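Because the structure is a prediction, the values reported are computed rather than measured.
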Amino acid sequence: MQASKSHSLFRLPQKTIALLLLCLFAGVLTAIGQEQTKQRPRRVSGTENQSPTAKGSPVSGPEDVDEGDVVRVDTQLVSVPAVIKNNSGRPVPGLRRENFLVYEDGQQQSIANFGTTEAPFEIALLLDTSGSTRADVALIRQAANAFISGLRSGDRVAIVAFNTEQKGSTQIATVEVLSELSADRQSLQRAIQGLGSANGTPFYDALDRVVRQVFREPPREEVRGRRALVALTDGVDSTSDTDFAAARSKLTSLGIACYFIQVNTEDFVEDRLLKDCQDDGRLSLSAKQLRRYRAIFVPRASSDQFSDFCQMGSFERMQISRDLYNLARREMNDLAKASGGKNFVAASLQDARAAFAQVANEIGTQYSLGYYPTNKARDGKFRTIRIEVRGVPDKPVVRAREGYFAPKG
């Protein structure tokens with residue numbers, strides 16, 4: 001009986017057998033696919049369900065995400081550096097995440113990222129070796145080395161400076177990244193030893209270079225929200241192609257705290273601006289400075305009035321120089337305040353070392369908070385940030401960034 005059934009199976013038409021085998025093979029493939037779906041995490045790429053990111057914000061590559069994970073593709077983490085001091089002006093150590101409340105436009109936010117004062121920092125150190133500081137590069141080296149020695153072992157530093165480049169018969173001031181972010185103190189000291197000098201001040205270009213090169217990669221988890229720019233400069237730009245507003249926007253959008261050691265070079269520069277144009281010791285205002293001055297201070301004036309520095313009178317040269325110095329101070333004060341950083345004034349380069357020590361101490365007392373805004377509108381509007389500290393004696397003094405512009409588009 002069994003033999004009879006077997007023979008009858010072999011007598012089935014060939015098309016019927018092929019169909020049976022095809023169905024069996026398809027069932028096996030389906031089972032394998034289901035098993036792999038259970039085991040393999042979903043891959044989220046930049047081309048699938050992609051939302052536009054804020055201008056200047058770092059874009060991460062594809063990442064593996066488990067089924068239960070929450071994927072944020074429409075909101076950028078807002079980093080808020082904050083320094084907390086008591087009524088006596090002393091830093092308040094040992095605070096925890098639960099001590100902080102964060103508000104955006106009056107609405108409380110959930111703190112997604114928190115860094116204590118012990119967490120490492122990444123710092124772009126910008127050294128201005130132009131104008132009156134060219135003769136004092138040795139003092140700048142000493143101050144910069146002392147600053148690096150005062151940081152903690154886990155902090156990483158990049159060195160950015162100015163130099164002079166020969167292009168044909170013309171010398172132009174350039175921005176150089178002498179060292180990428182590094183914790184190797186000997187390597188950083190060698191980079192500082194290589195400081196050159198510049199015959200101009202591409203200050204705004206240097207701020208832009210810090211964003212584009214030094215901090216081009218997204219921060220590591222342990223330093224998220226703990227990045228800073230520390231600049232020794234008089235802040236008076238003379239040769240940049242970038243403008244201040246663009247550089248400011250990029251720095252603040254990334255939550256980079258900006259610290260400035262403002263060196264007063266005004267008297268030195270003014271004395272040389274008043275010299276005759278045939279004098280080898282004179283300085284002159286660049287064509288870019290004159291154009292910027294006209295656009296900001298006297299936009300209705302004819303461009304011919306600001307085309308030839310040597311045809312200007314002494315009073316006019318002095319007034320333009322003073323206005324540009326005051327503008328530089330306002331810009332540095334504005335950027336420091338907007339970013340949660342601070343300004344320190346050095347009357348001379350001899351005082352720069354003490355100012356650097358203050359900056360190092362300030363950075364070592366900074367907390368960092370991060371949150372994903374509940375307001376997801378991409379309207380480009382300014383949003384205010386307010387930090388409250390609870391669970392500590394008296395009412396502490398809080399210094400943090402004041403807000404940010406939401407992404408647009």
Within the 3.5 Å criterion, strictly below it, is a donor on Asp323 or Tyr293 matched to an acceptor on the partner's side chain?
yes

Electrostatic pair Glu402-Lys337, nearest N-O below 4.0 angstrom:
yes

Just by distance, with hydrogens left out, do Thr374 and Gln109 show a side-chain donor and acceptor under 3.5 Å apart?
yes

Can you name the residues that form a side chain to side chain donor-acceptor pair (under 3.5 Å) with Arg248, not counting sequence neighbours?
Asp334

Under the side chain to side chain donor-acceptor pair (under 3.5 Å) rule, collect the residues that match up with Gln193, sequence neighbours excluded.
none

Take Leu125 and Phe356, measure what side chain to side chain contact (heavy atoms under 4.5 Å, CB included) needs, and give me the verdict at the end.
CA-CA 11 Å; Leu125 178 59; Phe356 269 128; 3.7 Å; yes

Would you say that more than 12 heavy atoms from the other residues, nucleotides or ligands in this model lie under 6.0 Å from the CZ of Phe382, or not?
yes

By side chain to side chain donor-acceptor pair (under 3.5 Å) - contacts of Ser187 (at least two apart)
none

Look at Arg329 together with Glu331 and state whether they make a salt bridge at an N to O cut-off of under 4.0 Å.
no

With sequence neighbours left out, the residues meeting salt bridge (Lys or Arg N to Asp or Glu O under 4.0 Å) with Arg322 are Glu270

Among all residues two or more places apart in sequence or in another chain, which pass the salt bridge (Lys or Arg N to Asp or Glu O under 4.0 Å) test with Glu118?
none

Glu98, CD atom: more than 12 neighbouring heavy atoms under 6.0 Å
yes

Going by the rule salt bridge (Lys or Arg N to Asp or Glu O under 4.0 Å), which residues pair with Asp128 if we only count those two or more places apart in sequence or in a different chain?
none

Only counting residues at least two apart or in another chain, list the ones meeting side chain to side chain donor-acceptor pair (under 3.5 Å) with Arg282.
Ser284

Distance-only donor-acceptor hits, side chain of residues 171-180, under 3.5 Å, sequence neighbours excluded:
unit_1	atom_1	unit_2	atom_2	d
Gln171	NE2	Gln166	OE1	3.3
Thr174	OG1	Asn163	O	3.3
Glu176	OE1	Asn163	ND2	3.2
Glu180	OE2	Gln213	NE2	2.9

Is it the case that Arg272 places NZ or CZ above or below the six-membered ring of Phe268, under 6.0 angstrom from the centre and within 45 degrees of the axis?
yes

Of all pairs that satisfy disulfide bond (SG atoms under 2.5 Å apart), the ones with a partner from residues 239-300, not counting sequence neighbours
Cys277-Cys310

Determine whether the side chains of Asp237 and Thr201 contain a donor N or O and an acceptor N or O closer than 3.5 Å.
no

Partner set under salt bridge (Lys or Arg N to Asp or Glu O under 4.0 Å) for Lys85, not counting sequence neighbours
Glu362

Which residue pairs satisfy the disulfide bond (SG atoms under 2.5 Å apart) criterion with at least one member in residues 148-235, sequence neighbours excluded?
none

Between Phe260 and Phe344, is the ring centre distance below 6.0 Å?
no

Is there any disulfide bond (SG atoms under 2.5 Å apart) pair reaching into residues 207-250, and which pairs are they, with sequence neighbours excluded?
none

What is the distance from atom CG of Leu273 to atom CE of Met312, rounded to the nearest 0.5 Å?
11.0 Å

